[in-house]
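Whatever order the structure lists them in is the order used to number ligands and atoms, beginning at 1. Numbering starts at 1 and runs along the sequence shown. The model shown is predicted, which means the values in this text are computed figures rather than measured ones.
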Amino acid sequence: MAWDFSTDPEFEQQLEWMRTFVREEIWPIEPIVDELTQAQLDRIYAPLQERVKERGLWAAHLDPELGGQGFGQVKLGLMHEILGSSPLAPNAFGNQAPDSGNSEILALAGTPEQKERYLYPLLSGDLKSAFSMTEPNAGSDPTLLRTRAVREGGDYVIDGHKWFSSNASIADFLIVMAVTDPDARPHQRASMFLVPVDTPGVTIVRDVPTMEHPEPSYGKLGNHAEILYEGVRVPADALLGEQGAGFMIAQHRLVPGRIHHCMRWLGVSARAFDMLCEYATHRYAFGSVLADKQTVQNWVADSAAQMQAARLMTLHAAWKMDTQGASAARQDVSLIKFFGAGVMHDVVDRALQIHGSLGYSTDMPIEAMYRYARAARFYDGPDEVHRESVARRILRGYEPPEGGVPSEHVPTRREESRRKFADVLEAVTAND
Ligand SMILES: Cc1cc2nc3c(=O)[nH]c(=O)nc-3n(C[C@H](O)[C@H](O)[C@H](O)COP(=O)(O)OP(=O)(O)OC[C@H]3O[C@@H](n4cnc5c(N)ncnc54)[C@H](O)[C@@H]3O)c2cc1C
């Protein structure tokens with residue numbers, strides 16, 4: 001009987017090291033990150049990344065033959081919970097999105113030459129990458145993609161318009177999803193291409209200012225670029241995987257990518273929760289500290305319950321991925337994708353609410369966490385799409401009841417029970 005919630009002591013030591021490292025080395029970068037250029041930020045990261053490598057924690061999501069640690073999802077879950085406490089931490093550990101997901105698809109679908117040219121330098125931190133799929137007219141329904149890649153002799157020529165390609169303005173290469181087979185079935189129309197960012201015809205138009213980064217800024221980690229592809233000619237060996245296999249490869253990237261997001265959100269929620277509780281113990285209004293108000297106690301208890309539920313659901317989905325594969329865990333990952341995003345949103349919102357104007361101000365990190373949390377409810381699949389997919393799968397297991405009478409209809413069941421227990425009922429009556 002295996003039903004074990006403990007962490008093995010050796011790994012617990014690693015987690016403890018990560019907790020201290022992230023708090024002492026990464027959190028202090030946060031208040032000055034906007035003053036730093038990307039080059040200065042890289043300089044701060046370099047020695048930290050070395051320490052992570054020495055500790056055997058670099059690129060932990062990948063198998064050892066690819067230079068990773070082969071942790072599996074449960075260990076990764078526990079690790080990401082710590083890294084999630086700061087948006088700057090994953091980059092110090094070689095598992096910053098989108099590089100982490102991109103390295104996974106390169107490992108899965110790349111040729112030996114593509115791995116040599118892109119994967120290994122990506123893993124060692126010498127290259128940066130972006131994943132360029134979403135278009136202004138095609139987001140959650142990628143069968144609407146319009147970007148085309150047309151075969152011309154030994155080349156493909158790519159034309160299209162993308163946006164929200166995270167980190168593209170600091171990337172060395174882009175993984176571009178483009179339609180190659182417009183007449184095929186919807187999920188066999190698109191292919192992926194490896195496109196060096198300096199290929200003629202690639203124009204990074206801008207980093208799109210967002211709720212998370214409202215001020216226009218260009219060329220920094222964590223920005224999301226708008227890109228034009230105009231007559232971008234790449235050789236046929238830029239194709240990643242089979243022609244028409246773009247969606248299949250994307251699924252391999254998205255399922256683990258989604259769960260990694262959920263794991264990091266646990267860290268965001270926990271940090272917001274700590275701020276909520278700390279402030280509650282000290283802010284005084286209407287005759288008591290806020291911790292003594294029942295509403296605030298409800299926030300604390302509800303947040304703790306929601307976080308615990310999200311944590312267990314996330315680690316369970318991770319365990320399922322480890323033991324039964326990503327495909328078997330698809331529904332669990334969809335569940336936690338929308339549930340976890342909602343929990344993070346609610347906990348951060350309560351933390352902001354309790355701090356009042358202080359929480360709304362940039363004197364606290366909560367307003368930034370709130371802006372970050374808001375996007376989680378629609379990137380990598382909006383809540384509605386994940387709910388729909390979960391509900392559809394669940395409902396597939398049900399049929400209309402025979403004769404239109406619900407299976408639990410009490411009078412019908414009573415009749416059946418009377419028949420089933422007729423002997424006993426008659427005997428009792430006889431003895432009465
Ligand atoms: C911070 C951030 C980073 C991102 N990084 C990347 C990246 O690196 N690469 C990349 O390619 N893309 C990236 N994206 C884009 C992201 O993947 C898309 O935002 C996402 O796929 C949703 O697409 P959309 O924004 O076009 O929304 P749409 O597809 O237009 O959907 C809008 C809304 O419609 C509703 N909706 C959609 N479908 C349904 C349905 N079936 N039922 C009910 N309602 C529905 C939902 O409320 C949804 O929010 C990023 C986005 C953000 C915010």
Side-chain angles (χ1 to χ4, degrees), residues 84 87 90-91 95-105 122 128-147 158 160-179 186 190-195 197 202 204-214 217 220-229 240 246-247 249-251 253-258 260-262 264-265 268 334 337-338 341-342 344-345 368-393 395:
N91 196 47
N95 53 30
Q96 173 77 38
D99 289 343
S100 52
N102 289 345
S103 59
E104 273 167 352
I105 50 176
L122 187 62
K128 293 190 177 74
S129 66
F131 185 69
S132 197
M133 177 156 134
T134 303
E135 299 175 1
N137 52 282
S140 30
D141 182 358
T143 62
L144 301 173
L145 291 178
R146 290 188 196 160
T147 297
I158 303 173
H161 182 191
K162 302 281 185 184
W163 80 334
F164 274 84
S165 301
S166 302
N167 286 354
S169 62
I170 56 164
D172 300 286
F173 71 95
L174 310 155
I175 298 182
V176 183
M177 185 91 150
V179 174
S191 307
M192 284 192 191
F193 293 90
L194 290 156
V195 180
V197 79
V202 175
I204 311 282
V205 180
R206 59 174 179 153
D207 275 327
V208 183
T210 62
M211 194 168 161
E212 192 182 355
H213 303 290
S217 74
K220 279 194 89 173
L221 189 75
N223 277 354
H224 316 287
E226 180 173 353
I227 309 177
L228 285 176
Y229 297 89
L240 180 61
F247 284 108
I249 304 171
Q251 271 312 320
R253 180 186 190 278
L254 286 171
V255 176
R258 280 176 185 140
H260 299 161
H261 278 313
C262 296
R264 290 193 275 265
W265 298 341
V268 177
S334 271
K337 169 67 182 58
F338 74 80
M344 170 171 68
H345 178 269
M369 293 167 102
Y370 185 81
R371 290 184 280 117
Y372 166 85
R374 187 61 190 80
R377 289 181 46 205
F378 63 86
Y379 63 64
D380 273 358
D383 288 359
E384 294 81 0
V385 174
H386 285 289
R387 283 197 168 96
E388 197 174 270
S389 123
V390 165
R392 276 212 189 119
R393 270 167 183 262
L395 289 169

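A distance-only check finds no donor-acceptor pair linking the side chain of Lys220 to the backbone of Ser169 [under 3.5 Å]. Side chain of Arg264 to main chain of Gly84: no donor-acceptor pair is present (N/O by atom type, distance under 3.5 Å, no hydrogens or angles). Looking at Arg377, its side chain never comes within 3.5 Å of a backbone N or O of Ala341 through a donor-acceptor pair. Between the Asn223 side chain and the Ser217 main chain, a donor and an acceptor come within less than 3.5 Å of each other. Looking only at distances, no side-chain donor or acceptor of Lys128 sits under 3.5 Å from a matching main-chain atom of Leu221.
Near Glu388, meaning under 4.0 Å from any of its heavy atoms, are these atoms of ligand 1: 40 (C), 41 (N), 42 (N). Residue Phe131 has at least one heavy-atom neighbour below 4.0 Å for each of these atoms of ligand 1: 7 (C), 8 (O), 9 (N), 10 (C), 11 (O). Which parts of ligand 1 touch Pro382 is read off a 4.0 Å heavy-atom cut-off, strictly below it: atoms 46 (C), 48 (C), 49 (O). Below 4.0 Å from some heavy atom of His224 lie the following atoms of ligand 1, by number and element: 1 (C), 2 (C), 3 (C).
Between Ala138 and ligand 1, no pair of N/O atoms sits closer than 3.5 Å. Annotation: Glu135 places no N or O atom under 3.5 Å from an N or O atom of ligand 1; distance criterion only. Annotation: Asp141 places no N or O atom under 3.5 Å from an N or O atom of ligand 1; distance criterion only. Between Ser140 and ligand 1, at least one pair of N/O atoms sits closer than 3.5 Å. Of the N or O atoms in Phe164, one or more lie within a sub-3.5 Å distance of an N or O in ligand 1.
Nearest heavy atom pair, residue Ala225 against residue Val208, reads C-CG2, 4.4 Å. Taking each heavy atom of Gly381 and Lys337 in turn, the nearest pair found is O-NZ, 3.1 Å. When all heavy atoms of Ser132 and Ile227 are compared, the closest pair comes out as OG-CD1, 3.9 Å. Of all the heavy atoms in Phe247 and Pro186, the pair that sits closest is CE1-O, 3.4 Å. Across every non-hydrogen atom of Glu104 and Pro256, the tightest pair is OE1-CB, 3.8 Å.
Atom 4 (C) of ligand 1 has as its closest protein heavy atom Ser166 OG, 3.5 Å. For atom 45 (C) of ligand 1, the nearest non-hydrogen atom of the protein is Glu384 CB, 3.9 Å. Ranking the protein heavy atoms by distance from atom 26 (O) of ligand 1 puts Gly139 CA, 3.3 Å first. In terms of protein heavy atoms, atom 39 (C) of ligand 1 is closest to Val385 CG2, 3.7 Å. Annotation: atom 53 (C) of ligand 1 to nearest protein heavy atom, Phe378 CE1, 3.6 Å. What sits closest to atom 17 (O) of ligand 1 on the protein, heavy atoms only, is Thr134 OG1, 3.5 Å.
Within the 4.0 Å cut-off (strictly below), no protein heavy atom is located near atom 35 (C) of ligand 1. Distances from atom 42 (N) of ligand 1 to the protein include at least one heavy-atom value under 4.0 Å. For atom 22 (C) of ligand 1, a protein heavy-atom neighbour is found at a distance under 4.0 Å. Atom 12 (N) of ligand 1 is approached by the protein to below 4.0 angstrom, counting heavy atoms only. Distance check for atom 48 (C) of ligand 1: a protein heavy atom is found below 4.0 Å.
Heavy atoms from other residues, nucleotides or ligands lying under 6.0 Å from CZ of Arg146 number 12 at most.
Only one option out of Tyr372, Trp265, Tyr370, Phe338 pairs with His345 in a ring-ring contact (aromatic ring centres under 6.0 Å, His included); it is Tyr370.
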